[in-house]
Participant: 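Take this structure, written in structure tokens, and hold onto it; I'll ask about it next.
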Amino acid sequence: MNRWVQGLRELRGYPSAVGGLAIILFLVALSLYTVITIPYSEALDRWRGGDHWQMNPVNAGPVWADRLLGGNLPQTRVVESDNADVREAPFEGGKQVRIPLTFEYDNEGFPSELNLFLNQKGTQQEAFVRLTWHTPSGETIPLGGQRVSEEDRISISQNRALEGRLGMVPHVGLFAGGSDPADPRAERGDYRLTVDAMLFDPGAELEADLAVYGRVHGLAGTDYQRRNLMLALMWGTPVALAFGLLAAVGTTITTLVIAATGVWYRGWVDALIQRLTEVNMILPMLPILVMVGTLYSTSIWLMLGVVIALGIFSAGIKTYRAMLLPIREAPYIEAARAYGAGNARIILRYMIPRILPVLIPTFVTLIPTFVFLEASLAVLGLGDPELPTWGKVLNDAQEQSALYNGFYYWVVAPAVLLMLTGLGFAMFGFALDRVFNPRLRTQ
Amino acid sequence: MTAEEPLLQATNLHTWFELRQWGFLRVGSVRAVDGVDFELGRGESVAFVGESGCGKSSLARTLLGLHNPSHGDVIFEGQHLSELKGEARRQYLARVGYVQQDPFGALPPFMDVRRLLSEPLIIHGVKDRDERERRICQALQEVRLTQVDEILPKFPHMLSGGQQQRVVIARALLLEPAMLIADEPVSMLDASVRVEILNLLRRIQTERGLTLAFITHDLSTVRHYADRIFVMYAGRVVEQAPVEQLLDNPQHPYTRALLAAIADVDADNALDERDVPDGEPPSLLHPPEGCRFHPRCPQAMAGLCDRQDPPLFEPEAGHYSACWLQDPERD
Ligand SMILES: Nc1ncnc2c1ncn2[C@@H]1O[C@H](COP(=O)(O)OP(=O)(O)OP(=O)(O)O)[C@@H](O)[C@H]1O
Ligand code: SF4
Ligand SMILES: [Mg+2]
């Protein structure tokens, strides 16, 4: 074990080892944080989409990127009736409610969408609401009225009649002030949406939340289903690392044991292993995975199993065999046989440990190749149907023509994380190689 | 030693290595051990000598159960080695310790001394850690590695050659063997520690009453460490005798040549010539007809030596030689 400690100490002298290790530790820490703060079932549930994300904008970029470039695009804000100065006036069999939803707008550009969420409590009766928009310059724009049921959403942005009157989509037109419709500019100042409601039940209560959707959101932005990309980027980390590590461990260990078994028993066992390896080497991994994914299931665990199964008789066997052949004849193995060590013990305890240090660098650099493989499968549309992963984000981005639409962040963030993973493990692996291997060659 | 039952008996022992082409075509056999008979008594030290490639190591490995004999058998404490299976075979392996030539190679480089000495004990079912530690310490004391705490955590490459060989000997002693087989135990060590190690082996052998069979090229020191000598030639034992008789009164022409070669080397103090007699070592694939030494023998008798294989004659009590010259019925 001393040799390991000494080797690790020596690693500190390699900037690439330190850098690589820092990246790996960052990814591991991010994974742990993610798994602890967002439980697995919750992550799957959220990624399925739906109401959880209704307050998020669609296809918003990351905030920091906009601010870094000196921009001031709006973030989503929600104006709630709870904080508003609500007036009520009862009448025979019901009451009249006026909710003024006031907010200050001082961003560049326009919101991406306007929605009003209404929630009527204490009655089964439909209510009637009329909306009025007040701009900072004192203009008053009636937005029309409609019946609402218990829980309802009024999509102001979808109001075609209003769009016709304004000559622009509502979430632009309502903020454009008097500016030129061909080149609208947002008017800054205090806006107000007045909700006038007729509730046909004296005990009824009405809550109204106005969502003024922004154009930037959070650290990673959102996708076309309003999902926060951060969820997939974060959860993609443990998934990628686990897949890479398990696949690397699984293939390395099985390959090593099989190679050592062949070398130890020689004869037909070795010949059989060699032939199987040669057959397996010409079997293309990716098409087989695509076939399994298309015909059977794209579960990540199944893919992991197939990857390991295909990796068992991989080309690594040839390399390991070449390394193990001289070890087979080592006097210490003859000594072990002479004091009664059995075949399994010799293979597992005397042959494999001898080459393990040499394999560690290869093993470390093998991890990202499996991470990339998993991402490639996802990009090909064969990602796990449930799990949020980096590859899935890329796949969605591709399907929604993210780059064509200018949603660069949708592609860049998962790509950067993938490259970071590759870089971290590669840097660390190369440094390990330099530290561990020369010594072993001379030993 | 003849009174009681011998510890080990080799009867008509053959170890042939089949040479195959393309993994299956038999093209012949290397007759590394080719018909060897001897008995080793309890508590006796014997030396095997002979030039390189005559089958000494192959014989040792066969005795250790590392090669299966092609014919004949090894009988140890009355049991036939070829009939031992499973647990009984492992018990046999515990009764015979092995000391190899290359002490560094004989120790797994990735295990520290504690670990590598624990291995035989673990394999032989000593589950209690303290018990293992106790036996390891005892064995290390016995090979004079007294700084036990210092030695145990070290890896083989941190030890000197002499220390490595002491660890190898300690490992061979751990399982309380009745016999030690040492294959050139000092030939890869520094000259300064050779005598120490040989003395150590001799001391352990007498103290424990072990049977010690060691292979050596060094006939000059063999007198001090062996009771009997076996001279091997081309897979056969051609002469065997108590050490004094053999060295002072060699019978077989090959033994004489061997002793003369050593004397030459000593006289010239030359490093160029090996300690071997003149002529080509025989092919073990196609050994010569008749006496295997006849192509090199200065006393070869045409018509006899190249036709008939000499049996073992006993020119004096306990001194055997496979040479027609010792045939009492000759002329
Ligand atoms: N496992 C094996 N397979 C095939 N041939 C072998 C094997 N082991 C030994 N031999 C051959 O058997 C012959 C005897 O070898 P062995 O190692 O017994 O000689 P030796 O007397 O110990 O020689 P040395 O003094 O050089 O150690 C040699 O020709 C060798 O090539
Ligand atoms: S039998 Fe003949 S050839 Fe062989 S050693 Fe004796 S004399 Fe020489
Ligand atoms: Mg040898």
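Below, chain A is the first sequence line, B the second, and so on; all start at residue 1.
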Participant: Would you compute the distance between atom OH of A/Tyr339 and atom NE2 of B/His124 and round it to the nearest 0.5 angstrom?
Facilitator: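 The OH atom of A/Tyr339 sits 9.5 Å away from the NE2 atom of B/His124.
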Participant: Would you name the heavy atoms of B/Asp102 and A/Pro331 that are closest together and state the gap between them?
Facilitator: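 Closest heavy-atom pair between B/Asp102 and A/Pro331: OD2-CG, 4.5 Å.
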Participant: Could you check whether any side-chain N or O of B/Glu119 sits under 3.5 Å from a backbone N or O of A/Ala336, counting only pairs where one atom can act as donor and the other as acceptor?
Facilitator: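 The answer is no, because no donor-acceptor pair under 3.5 Å joins these two groups.
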Participant: Run the salt bridge (charged side-chain N to carboxylate O under 4.0 Å, His left out) test against B/Arg171 and tell me which residues pass, sequence neighbours left out.
Facilitator: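 Partners of B/Arg171 under the salt bridge (charged side-chain N to carboxylate O under 4.0 Å, His left out) test: none.
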Participant: Less than 4.5 Å apart, any side-chain heavy atom of A/Tyr332 and any of B/Pro156?
Facilitator: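 With C-beta onward as the side chain, the pair stays apart.
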Participant: Hey, could you give me the CZ/CZ distance between B/Arg61 and A/Arg337, rounded to the nearest 0.5 Å?
Facilitator: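 Separation between the atoms: 10.0 Å.
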Participant: Quick check for you: to the nearest 0.5 Å, what is the distance between A/Glu334 atom CD and B/Leu66 atom CG?
Facilitator: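 The CG atom of B/Leu66 is 5.0 Å from CD of A/Glu334, to the nearest 0.5 Å.
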Participant: Can you tell me how far OH of A/Tyr350 sits from CG of B/Leu116, rounded to the nearest 0.5 angstrom?
Facilitator: 8.0 Å
Participant: Could you tell me which portion of B/Arg115 (side chain, backbone, both or neither) has an atom closer than 4.5 angstrom to a non-hydrogen atom of chain A?
Facilitator: side chain
Participant: Is it the backbone or the side chain of B/Ile122 that comes under 4.5 Å from a heavy atom of chain A, or both, or neither?
Facilitator: side chain
Participant: Which heavy-atom pair separates A/Ala335 from B/Ala106 by the least distance, and what is that distance?
Facilitator: CB-O, 4.1 Å
Participant: Please classify the contact of A/Arg266 with chain B as side chain, backbone, both or neither, using a heavy-atom distance under 4.5 Å.
Facilitator: neither
Participant: If you draw a 6.0 Å radius around CZ in A/Phe430, do more than 12 non-hydrogen atoms from other residues or ligands fall strictly inside?
Facilitator: no
Participant: Any salt bridge (charged side-chain N to carboxylate O under 4.0 Å, His left out) involving residues 11-26 of chain A? Give me the pairs, sequence neighbours left out, ordered by first then second residue.
Facilitator: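 Salt bridge (charged side-chain N to carboxylate O under 4.0 Å, His left out) check on residues 11-26 of chain A returns no pairs.
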Participant: Of the listed residues (A/Ala341, A/Ala330, A/Gly267, A/Ala338), which shares the most heavy-atom pairs with chain B below a 4.5 Å separation?
Facilitator: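 Of A/Ala341, A/Ala330, A/Gly267, A/Ala338, A/Ala338 has the most heavy-atom pairs under 4.5 Å with chain B.
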Participant: Under 4.5 Å, counting heavy-atom pairs only, tell me which of B/Asp112, B/Ile123, B/Leu107, B/Leu174 racks up the most with chain A.
Facilitator: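 Result: the option with the highest number of such pairs is B/Ile123.
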